[in-house]
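Take a look at the structure set out below.
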Amino acid sequence: MSGFAALFYKELLRFWKVAVQTVVAPVVMALLYLLIFSHALESRIEVYPGVSYTSFLVPGLVMMSMLQNAFSNSSSSLIQSKMQGNIVFVLLPPLSYLEFFLAYLGAAILRGLIVGLGVWAVTLWYAPFQLPHPGWLLAFALLACAIMGAIGIMAGIWAEKYDQLAAFQNFLIMPLTFLSGVFYSIHTLPPFWQAVSRANPALYLIDGFRYAFVGQSDTDPWLGLLVAGACFVAISALTLMLLKSGYKLRH
């Protein structure tokens with residue numbers, strides 16, 4: 001697995017060398033969301049009994065930041081390598097497609113977790129938590145970053161230029177993350193939109209992650225874990241098939 005270690009280290013350095021852009025900027029953005037929405041809605045909304053709106057909002061912002069940054073890490077790395085022509089230096093060494101997948105996935109998970117920890121750290125003074133279910137927090141955080149990291153690899157393979165990747169992010173990833181109960185409970189929606197929301201896998205990730213913080217959620221966390229696990233297996237299998245075939249990489 002020396003090839004995996006080298007590629008993983010390269011991907012780790014790629015985002016860590018520009019940490020202000022890849023880590024600090026998302027943390028600041030999440031803090032701005034918190035300041036604006038909590039100031040506007042804190043005294044007007046109580047989503048769960050005994051849980052302030054700020055306490056409800058923070059887990060959603062942490063998870064949304066992890067989802068978006070895990071996707072961005074793997075997808076932006078691949079599209080940059082393809083556009084600059086240096087993807088050949090990754091493809092020429094005798095790396096298996098599994099090592100390739102695991103290295104990009106591992107770096108995406110790591111960036112997602114670092115950003116999530118950063119967002120959580122800057123919001124602790126604003127809304128301290130008891131964290132009644134730390135096991136759920138770890139499970140959903142890892143699954144969420146893994147799912148989005150795998151989708152990012154798939155998007156990076158498929159996209160041939162930056163605007164295609166931007167379209168993928170703007171028309172799929174952004175709606176999935178923003179319309180998944182980050183800022184609201186789905187029980188406040190009309191029945192039709194509740195049903196639509198339940199078809200969004202990101203809802204179960206954010207809702208299960210929130211359950212770890214406040215002990216309450218809109219959906220059963222076990223159902224969320226099942227949905228998230230199934231999504232990860234399906235997306236990983238498809239991504240590995242693309243890598244094995246060399247689709248848009250070796251052809």
Within-4.5 Å side-chain heavy-atom neighbours: Met83 and Gln80: no
Main-chain N/O of Leu203 paired with Asp207 side-chain donor or acceptor, under 3.5 Å: no
Lys244, NZ: over 12 other non-hydrogen atoms inside 6.0 angstrom: no
Test item: Ser74 and Met154 side chains (from C-beta on) under 4.5 Å apart, heavy atoms: no
Check: Glu99 side chain, Leu95 main-chain N or O, donor-acceptor pair, under 3.5 Å: no
Sub-4.5 Å side-chain heavy-atom contact between Ile186 and Arg198: yes
Leu31 CG to Leu61 CG distance, which is reported to the nearest 0.5 Å: 9.5 Å
Donor-acceptor contact present, side-chain Asn69 to main-chain Val115, <3.5 Å: no
Common cluster, Val196/Met174, ILVMFWY with side-chain heavy-atom separation under 4.5 Å: yes
Residue pair Pro132 / Ala212: nearest heavy atoms and the distance that separates them: CD-O, 3.2 Å
Whether Phe168 and Trp158 hold their rings parallel, tilted or perpendicular, with breakpoints at 30° and 60°: tilted
Nearest-0.5 Å distance that lies between atom CH2 in Trp222 and atom OH in Tyr211: 10.0 Å
Enclosure of Met241 CE (heavy-atom neighbours >12, cutoff 6.0 Å): no
Hphob cluster co-occupancy, Val24 + Leu113, side-chain heavy atoms under 4.5 angstrom: no
Main-chain N/O of Leu189 paired to Gln194 side chain as donor or acceptor, under 3.5 Å: yes
Ring geometry between Phe178 and Tyr33 (parallel below 30°, tilted from 30 to 60°, perpendicular above 60°): perpendicular
Ring center gap for Phe213 and Trp120 short of 6.0 angstrom: yes
Distance-minimising heavy-atom pair for Val90 and Pro93: O-CD, 3.3 Å
Shortest non-hydrogen separation from Leu165 to Ile79 and the atoms involved: CD2-CG2, 3.4 Å
Steps toward ring pair (Phe, Tyr, Trp, His ring centres under 6.0 Å) verdict (Phe101, Tyr97): CA-CA 6 Å; Phe101 172 76; Tyr97 64 91; 9.1 Å; no
Transitive ILVMFWY side-chain link Met148 to Phe171, under 4.5 Å: no
Side-chain donor/acceptor of Ser55 to backbone N/O of Val51, under 3.5 Å: no
Joint cluster assignment, Phe100 & Leu238, ILVMFWY side-chain distance < 4.5 Å: yes
Heavy-atom closest contact (Leu78 atom, Gly156 atom, distance): CB-CA, 3.9 Å
Side-chain H-bond candidate by donor/acceptor type, Thr177 with Ser180, under 3.5 Å: no
Ser75-Gln169 side chain donor-acceptor pair, cut-off 3.5 Å: no
Side chains of Leu205 and Pro201 in contact at under 4.5 Å (non-hydrogen atoms): no
Side chain Tyr104, main chain Asn73, donor-acceptor under 3.5 Å: no
Approximate separation, where rounding is to 0.5 Å, of Phe140 CZ and Cys145 SG: 13.0 Å
Nearest-0.5 Å distance, CH2 of residue Trp136 to CZ of residue Phe209: 13.5 Å
CD1 on Ile151 to CD1 on Ile235, rounded to 0.5 Å: 4.0 Å
Close side-chain approach of Leu13 and Lys10, heavy atoms under 4.5 Å: no
Over all atoms of both residues, closest heavy-atom pair of Leu57 and Ser38: CD2-N, 4.2 Å
Enclosure of Tyr9 OH (heavy-atom neighbours >12, cutoff 6.0 Å): no
Donor-acceptor under 3.5 Å (Asn200 side chain, Leu176 main chain): yes
Parallel, tilted or perpendicular: ring planes of Phe8 versus Phe4, cut at 30 and 60 degrees: parallel
Leu172-Leu242 co-clustered via ILVMFWY side chain contacts under 4.5 Å: yes
Flag, side chain of Lys82 to backbone of Ser77, donor-acceptor distance under 3.5 Å: no
Backbone N/O of Val233 and side chain of Ser236: donor-acceptor pair under 3.5 Å: no
For Leu143, the option from Val227, Leu225, Leu138 that meets side chain to side chain contact (heavy atoms under 4.5 Å, CB included): Leu225
Polar side chain donor-acceptor pair, Tyr48 to Asp218, under 3.5 angstrom: yes
Side-chain donor-acceptor contact under 3.5 Å, Arg14 with Ser76: yes
Verdict with supporting geometry, Phe56 and Val214, side-chain contact (heavy atoms from CB on, under 4.5 Å): CA-CA 7 Å; Phe56 170 87; Val214 301; 6.0 Å; no
Ser81 and Asn86 side chains, donor-acceptor separation under 3.5 Å: yes
Distance-minimising heavy-atom pair for Pro26 and Val119: O-CG2, 4.5 Å
Student check: side-chain heavy atoms of Phe15 and Gln21 closer than 4.5 Å: no
Pairwise distance CG(Leu240) to CG(Leu105) - rounded to 0.5 angstrom: 9.5 Å
Check: Arg111 side chain, Thr22 main-chain N or O, donor-acceptor pair, under 3.5 Å: yes
